[in-house]
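Position 1 is the first residue of the sequence; numbering continues from there. Counting starts at 1 for both ligands and their atoms, in listed order.
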Amino acid sequence: MIALGSDHAGFALKQEIKKHLDKRGVQYKDFGCYSEESFDYAIAAERACKAVLAGECKAAVLCCGTGIGISMAANKIKGIRAAACTNHYTTKFTRLHNNANCLCLGGRVIGSGIANELVDIFLDTPFEGGRHQRRIDQIAVLENGGSIDSGENA
Ligand code: RB5
């Protein structure tokens, strides 16, 4: 199950992504918004990301105008690693290296053709693990208010 969310500026793109997921047979839950009426992206980010953290959904795909505001909101939620992507390379590597659990796309930045390909890459690319797990663990320490800076190489 994939969690979907958007504000008004990402709504149309999210609708296209839903059609694409339907064709692929991927199940999703849409946490809003449900029209092009003004809707704040942080609310959609909270609803979709909390479903990921609860284990109800395995990842989230979020859309706003740029993909940036909604990614900033998502990244404030502990345990969420959101990436605002506009191309195939960054989408592939945010899975391989960052184990991103939230893909953020801009409805005013990319069209549905590219967006749907990015969704496929995001869903189909595994995390590489290894040294990248250590770096993700470091992000989690920062997220919890800790420090990972030992002064090495200062
Ligand atoms: C809404 O106008 C727009 O600011 C929002 O969708 C997003 O692009 C913010 O980052």
Side-chain angles (χ1 to χ4, degrees), residues 1-24 26-127 132 135-146 148:
M1 181 74 72
I2 301 300
L4 299 179
S6 76
D7 71 353
H8 53 287
F11 174 76
L13 182 61
K14 186 181 64 181
Q15 296 301 97
E16 293 302 318
I17 291 170
K18 282 158 78 169
K19 283 189 218 160
H20 179 67
L21 293 177
D22 285 337
K23 276 190 211 148
R24 271 194 58 164
V26 174
Q27 289 194 310
Y28 55 80
K29 185 165 175 184
D30 186 356
F31 289 88
C33 62
Y34 305 109
S35 76
E36 284 182 341
E37 230 175 89
S38 182
F39 187 85
D40 295 337
Y41 53 77
I43 298 169
E46 178 178 352
R47 289 179 184 164
C49 290
K50 286 192 171 167
V52 173
L53 295 176
E56 181 187 354
C57 296
K58 71 166 192 173
V61 176
L62 305 178
C63 306
C64 69
T66 57
I68 295 173
I70 206 158
S71 73
M72 289 180 169
N75 275 319
K76 295 294 179 193
I77 301 169
K78 204 185 261 197
I80 293 299
R81 290 176 302 281
C85 295
T86 56
N87 62 55
H88 296 67
Y89 184 87
T90 53
T91 305
K92 177 178 168 186
F93 278 89
T94 201
R95 285 291 311 131
L96 287 173
H97 288 189
N98 313 132
N99 200 13
N101 54 10
C102 177
L103 174 67
C104 300
L105 301 171
R108 293 173 178 164
V109 180
I110 56 171
S112 62
I114 290 178
N116 289 334
E117 289 197 2
L118 300 189
V119 168
D120 286 344
I121 291 169
F122 179 69
L123 297 183
D124 298 340
T125 306
F127 175 48
H132 303 295
R135 294 162 184 165
I136 287 169
D137 292 343
Q138 291 172 341
I139 294 174
V141 171
L142 293 176
E143 189 174 54
N144 286 306
I148 38 98

Checklist outcome for this item: Correct closest heavy-atom pair for Ala115 and Leu13 would be CB-CD1, 3.6 Å
Checklist entry - Going by distance only, is there an N or O of Cys64 that falls short of 3.5 Å from an N or O of ligand 1? => result no
Checklist entry - For atom 2 (O) of ligand 1, what is the nearest protein heavy atom, given as residue, atom name and distance? => result Arg108 NH1, 3.3 Å
Next on the checklist: Looking at every heavy atom in both Gly65 and Val109, which two are closest together, and how far apart are they?
Outcome noted: O-CG2, 3.6 Å
Checklist entry - Which atoms from ligand 1 have a heavy atom of Gly65 less than 4.0 Å away? => result 5 (C), 6 (O), 7 (C), 8 (O)
Checklist entry - Just to confirm, does any protein heavy atom lie below 4.0 Å from atom 10 (O) of ligand 1? => result yes
Checklist entry - Below 4.0 Å from any atom of ligand 1, is there a heavy atom belonging to Met72? => result no
Checklist entry - So, does Asp40 use its side chain to make a donor-acceptor pair with the main chain of Ile43 at under 3.5 Å? => result no
Next on the checklist: When you measure from the centre of the six-membered ring of Tyr34, is the NZ or CZ of Lys14 closer than 6.0 Å and no more than 45° off the axis?
Outcome noted: yes
Checklist entry - Under 3.5 Å, is there a donor-acceptor pair linking the side chains of Asn98 and Thr94? => result yes
Checklist entry - Just distances here: any N/O of Gly69 and N/O of ligand 1 closer than 3.5 Å? => result yes
Item to check | Heavy atom of the protein closest to atom 4 (O) of ligand 1 (residue, atom name, distance) | outcome: Tyr41 CE2, 4.6 Å
Checklist entry - For ligand 1, which part of Thr66 has a heavy atom less than 4.0 Å away: the side chain, the backbone, both, or neither? => result both
Next on the checklist: Please work out, at 4.0 Å between heavy atoms, whether the side chain, the backbone, both, or neither of Ala9 comes within that distance of ligand 1.
Outcome noted: side chain
Item to check | salt_bridge(Arg24, Asp120) N-O dist < 4.0 Å | outcome: yes
Item to check | Whether Glu16 side chain and Asn116 backbone form a donor-acceptor pair below 3.5 Å | outcome: no
Checklist entry - For atom 6 (O) of ligand 1, what's the nearest protein heavy atom and its distance? => result Asp7 OD2, 2.5 Å
